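Predicted model only: the values in this text are computed from it and were never measured. Each chain gets a letter, A, B and so on, in the order its sequence line appears, and its residues count up from 1.
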Amino acid sequence: MKELAKTYNPKEIEQSIYDNWLKQKYFHASCDESKKPFTIVMPPPNITGQLHMGHALNNTLQDIVIRQKRMQGYDALWQPGCDHASIATEVKIIEALKKEGIDKRDLGREKFLERAWQWKEEYGGRIVNQLKKLGSSADWDRERFTMDEGLSDAVLQVFVKMYEKGLIYKGTKIINWCPKCLTTVSDAEVEHKDTPGHFWHINYPIKGEDRCIEIATTRPETMLGDTAVVVHPDDERYQDLIGKTAILPIVNRELPIIADTYIDLEVGTGAMKVTPAHDPNDFELGKRYQLEEICVFTDDGHINENGGKYEGMTTLECREAIVKELEEMGLLVKVKAYEHSVGHHDRCGCIIEPMIKQQWFVKMDELIKPAIKAVDEGEIRLIPARMNKLYHNWTDNIRDWCISRQLWWGHRIPAYYCDSCGHMTVARECPDVCPECGGTSFQQDEDCLDTWFSSALWPFSTLGWPEQTPELKHFYPTNLLITGYDIIFFWVIRMIFSGYEHMGEKPFDAVLFTGLVRDELGRKMSKSLGNGIDPLEVIDKYGADALRFTLVTGNSPGNDMRFSWDRVEANRNFANKIWNASRFILMNLPEEGVKTPKEESLHDADKWILSRANKLTRVVTENMDKYEIGMAADRLYEFIWDELCDWYIEMVKPRLYGEDEESKHAALYTLRTVLMTSLKLLHPYMPFVTEAIYGSLQPLAADLYPEESIMISAWPVYDETMDYEEAERRTQMIMEAVRGIRNVRSGMNVPLSRKSKVYVVSESEEIREIFEHGHVFFATLGKASEVMIQKNTEGIAKDALSVQLAGATIYIPLEDLVDIDKEIERLEKEKIRLEGELKRVDGMLSNERFLSKAPESKIREEQEKKEKYAGMMAQVESQLASLRRS
RNA sequence: GGGCACUUGGCUCAGCUGGGAGAGCACUUCCUUGACGUGGAAGGGGUCAGGGGUUCGAGUCCCUUAGUGCCCACCA
């Protein structure tokens with residue numbers, strides 16, 4: 001037998017265990033048609049990424065589910081891979097180039113992409129290695145990358161197909177422009193923040209009249225592109241101005257004054273300038289009234305040639321200059337502080353500029369329908385259910401998805417423009433001949449696709465689509481997705497409609513949402529705050545098992561959680577507890593193992609713990625099946641620590657050291673069996689420590705547990721013939737007696753070394769028999785020098801202390817180790833407690849409405865309690881009386 | 001402007017479809033018993049945010065008030 005160290009040291013074992021799992025190919029899903037599949041696709045981390053707590057939580061949950069399913073005999077596939085993270089990666093590479101003094105554009109597309117691939121080779125594996133440290137049992141042999149040949153092919157296929165169906169189109173619309181990243185971004189990537197700003201009230205003179213119309217704006221610089229002024233048709237203030245013309249100050253452009261109900265009478269002056277090129281609302285208005293769209297900004301946030309003398313200024317400089325000029329002209333009426341919502345780029349944080357540009361879009365209205373239906377009708381279950389509302393939040397207001405990005409790192413749009421006639425051909429490959437003019441040279445569209453365009457295909461592209469692979473057939477649709485609720489819009493929704501559109505089927509049955517992992521103060525972990533806790537540091541200090549257990553307990557799905565070092569330590573201690581309990585069992589188990597004993601030789605206590613373990617199996621399995629991961633973990637913790645370690649192991653010691661071989665054998669068998677069940681149930685949560693122990697235990701039990709690794713061993717199954725209700729009841733009675741004795745002794749500060757006689761008095765033959773049977777451990781746990789079990793109080797000193805149980809009384813002779821006042825105090829407390837209980841029960845039982853409406857079983861239950869409490873109360877009272885007499 | 005969540009012992013949080021308030025950490029007292037002091041035994045501590053309602057019975061369902069956090073929204 002391998003000797004286990006006195007304390008569990010995760011660092012010593014984790015790496016070699018993991019390496020062995022890899023070597024044995026245990027993570028590999030065989031794609032075996034005869035087995036039922038269970039599939040999880042891993043949300044692909046960015047290749048630029050470093051493991052953070054969010055990943056750790058996410059992947060721990062996925063690993064727990066997939067390990068359990070694997071043990072249950074499923075063909076369990078956890079499909080891993082990485083995302084090329086178009087913009088995130090490109091930004092990093094640009095930064096790296098900048099340090100070398102190189103500009104992206106000088107380098108050119110081809111050389112830039114070379115650098116990007118180099119970067120991918122260098123850093124792409126980093127996060128995967130970090131996931132491995134966590135114990136992740138993903139099928140690494142099947143690792144995919146969104147820019148793999150196969151996945152790129154999927155992207156091309158989808159793009160062309162959708163274009164041909166009219167679901168993808170090229171259009172000129174107002175889009176979100178990031179002046180720093182120099183690319184469009186989708187609506188989902190714009191973060192609206194309430195930002196303090198100003199309302200500038202400006203007078204626009206009316207043409208040919210000696211008066212003005214006062215408009216209010218938060219962005220004076222955009223006035224350079226104004227092409228109208230709009231008021232509400234019912235606004236009495238401006239009735240006579242509708243249809244007239246205003247003169248745009250500085251620029252002297254003539255602006256029609258139009259009326260539209262879009263205007264809110266309450267806001268500002270009720271008159272608004274219209275800048276169709278730089279505001280989404282104005283854009284709509286512009287379309288409605290055929291207004292001119294005058295773009296006045298350059299892509300990098302400066303004023304362009306349409307800005308006249310302001311050309312070349314930044315937008316902010318221009319704002320100041322214009323305000324100053326208006327003031328000098330006497331047209332600035334007033335400036336008010338005003339808080340308004342400003343869109344920021346979620347990645348770089350700078351202000352998004354609405355611009356009109358020609359871009360590629362995915363038409364959403366039809367595409368989204370099956371995705372809405374699937375969630376509404378429960379074909380795809382979101383956990384927790386309240387996420388349905390969040391989901392709807394987005395699906396109900398969906399607009400066409402802008403998918404083109406002015407970036408190089410990503411899937412290049414497969415549109416080709418004929419050099420001679422400009423005709424556009426969308427095809428998987430560059431055409432040989434222009435169908436329009438017969439030209440033979442083409443330019444490919446410069447833009448790339450939004451990163452999420454390829455991740456939307458992830459559940460089937462990773463399985464080989466568009467090839468009809470066996471994997472695709474076997475593993476799709478997948479069963480579960482586990483991800484953060486923050487990417488519902490980016491990813492979850494898009495996978496759902498993509499699944500229906502391209503596969504004709506949902507991508508997964510259920511989505512389990514995780515919350516955010518916050519720091520100990522409840523703050524979001526972020527780079528800028530520097531409060532992030534590195535999961536690898538936690539693993540290094542306390543082990544992966546402790547981290548995993550911490551992340552999945554004390555938290556329910558979709559709720560944020562706080563990280564706490566205290567909890568990690570507590571869970572490390574739990575790992576150590578199992579380690580030591582196992583060490584104890586291994587020390588006692590004979591080399592040749594233990595045969596299954598006859599049922600008669602099992603002690604009540606053995607049956608009790610076997611029965612408890614059996615019920616644990618049921619409750620853990622049920623909870624895991626419901627994805628109540630944390631609940632199952634709590635139960636395991638309680639069972640292993642309280643019932644197995646604190647009770648059963650202590651109960652069993654006298655038998656292990658005693659002479660009765662049959663009893664000893666039964667105890668050892670029970671210990672071995674229950675430990676094995678516990679380890680297996682715990683394995684998905686704490687894979688390393690359970691595997692380490694299993695490695696020592698399994699050789700002693702190879703007949704029943706042939707698998708050389710716990711990872712591939714069979715998941716325990718609840719067996720109703722193993723429910724020993726009677727033995728549970730009997731054992732629990734003795735446990736209650738032991739607690740009572742400990743309570744009395746502790747209440748009087750009796751040192752453990754001081755043993756005393758213990759009398760068990762009961763008129764019930766059956767109860768006396770229970771104590772006779774449990775005598776072996778009752779004596780040790782109750783610190784008894786001698787245990788007397790009798791029918792009456794004969795021979796017991798009058799002043800003996802007593803503990804009342806339901807059908808028996810325990811007496812401990814007072815002798816000289818006792819403080820009478822303390823005992824009276826204790827009994828008084830007990831009396832008060834019983835009085836309370838009796839009052840409650842009486843209240844219920846005397847309530848006619850309760851008697852008439854509550855279920856029969858509940859009423860009977862309460863009646864039984866009443867009898868029990870009444871008996872105990874009588875005992876306490878007589879005990880008190882006799883103590884007071886002495 | 002909509003919507004969602006949270007408010008339970010000193011701290012961090014569990015508590016599923018309503019039926020005697022729980023855990024971890026912290027705290028008090030005791031214990032070097034032959035698995036573990038990363039341990040064991042016993043214990044203190046909560047009007048489950050406030051108010052109202054439904055019910056025989058509410059931390060759990062409904063309404064409402066307050067505080068906190070988050071999401072969505074094209075009010076210039």
Side-chain angles (χ1 to χ4, degrees), chain A residues 4 6-8 174 187 192 199 215-219 222 230 262-264 266-275 279-284 338 340-341 343 354 384 386-387 389-390 392-394 396-397 399 485-486 488-489 515-516 520 522 542 553-556 558-564 566-567 569-588 623 626 628 630-631 634 637-638 645-646 649-650 653 657 739 742-747 749-753 780-781 783 836-837 840-841 843-844 847-855 858 861-862 865:
Chain A
L4 298 183
K6 194 170 171 181
T7 52
Y8 172 54
I174 193 146
D187 294 340
H192 290 272
F199 235 155
I215 60 94
T217 179
T218 55
R219 303 196 58 196
T222 62
V230 61
Y262 163 76
I263 287 294
D264 183 337
E266 306 297 318
V267 177
T269 61
M272 185 181 91
K273 66 193 220 30
V274 185
T275 322
D279 182 281
N281 305 306
D282 297 17
F283 179 77
E284 294 299 325
Y338 189 73
H340 62 131
S341 172
R386 73 180 127 88
M387 292 301 169
K389 288 212 171 174
L390 249 179
H392 264 283
N393 221 333
W394 189 259
D396 295 350
N397 303 303
R399 298 197 296 169
Y485 61 77
D486 51 333
I488 288 187
F489 312 132
L516 262 44
E520 286 187 278
Y542 292 97
T553 50
N555 175 251
S556 49
N559 284 354
D560 291 354
M561 71 177 305
R562 282 187 206 205
F563 179 84
S564 135
D566 278 353
R567 290 188 52 233
E569 195 175 321
N571 291 322
R572 186 275 315 264
N573 294 352
F574 177 51
N576 187 58
K577 188 74 183 175
I578 309 153
W579 180 262
N580 273 291
S582 306
R583 209 159 64 91
F584 171 76
I585 294 169
L586 286 165
M587 279 166 56
N588 286 286
N623 276 298
K626 288 190 290 184
E628 289 275 1
M631 187 70 83
D634 285 346
Y637 185 98
E638 285 164 19
C645 293
D646 289 346
I649 289 181
E650 294 307 321
K653 279 179 181 172
Y657 305 138
R739 278 194 208 100
R742 285 173 174 171
N743 196 305
V744 170
R745 294 174 57 102
S746 167
N749 287 334
V750 181
L752 286 174
S753 52
T780 50
L781 298 186
K783 299 293 164 207
E837 298 290 0
R840 190 187 61 78
V841 174
M844 280 173 95
N847 184 337
E848 277 174 33
R849 287 173 303 183
F850 172 72
L851 293 175
S852 61
K853 300 208 178 177
K858 183 68 191 168
E861 198 182 306
E862 292 301 321
K865 280 180 193 167

From the options rC72(B), rC36(B), rA76(B), select the nucleotide whose nearest atom is closest to the side chain of F489(A). rC72(B)
Rounding to an integer number of Å, can you tell me how far Y262(A) OH sits from rC75(B) P? 6 Å
Using 30° and 60° as the class boundaries, would you call the ring planes of Y8(A) and W579(A) parallel, tilted or perpendicular? tilted
Across all chains, not counting sequence neighbours, the salt bridge (Lys or Arg N to Asp or Glu O under 4.0 Å) partners of E628(A) are none
Look at the side chain of E638(A) against the base of rA14(B) and say whether a donor-acceptor pair falls under 3.5 Å; ignore hydrogens and angles. no
Structure string for RNA chain B in dot-bracket form, Watson-Crick and G-U at under 3.5 Å, | interchain: (((((((..((((.....[..)))).(((((.......))))).....(((((..]....))))))))))))....
Could you list all N or O pairs between the protein and nucleotides 39-43 of chain B that sit under 3.5 Å apart?
from	atom 1	to	atom 2	distance (Å)
rG39(B)	OP1	N573(A)	ND2	3.2
rG39(B)	O3'	K577(A)	NZ	2.9
rG40(B)	OP1	K577(A)	NZ	3.1
rG40(B)	OP1	W641(A)	NE1	2.3
rG40(B)	OP1	D646(A)	OD1	3.3
rA42(B)	O2'	S746(A)	OG	2.8
rG43(B)	OP1	N743(A)	ND2	2.7

Which of rG24(B), rA76(B), rC25(B) is nearest the side chain of Y637(A)? It is rG24(B)
Would you please name every residue forming a salt bridge (Lys or Arg N to Asp or Glu O under 4.0 Å) with R562(A), sequence neighbours left out? none
Return a single string for nucleotides 2-13 of chain B, one symbol per nucleotide in 5' to 3' order, where B is base contact, S is sugar-phosphate-only contact and - is none, cutoff 4.0 angstrom on heavy atoms. -SSS------SS
Rounding to the closest angstrom, what is the interatomic distance between rG44(B) and rG3(B) at atom P? 46 Å
Can you tell me if the side-chain N/O atoms of K653(A) get under 4.0 Å from OP1 or OP2 in rA35(B)? yes
Applying salt bridge (Lys or Arg N to Asp or Glu O under 4.0 Å) to E650(A) and not counting sequence neighbours gives K653(A)
Indicate whether any N or O donor in one side chain lies under 3.5 Å from an N or O acceptor in the other, for Y485(A) and D560(A). yes
What integer distance in Å separates N571(A):CG from rA14(B):P? 15 Å
Picking from rA35(B), rC75(B), rG19(B), which would you name as closest to the side chain of M844(A)? rG19(B)
Strictly below 4.0 Å: does Y485(A) bring a side-chain N or O up to OP1 or OP2 of rC70(B)? no
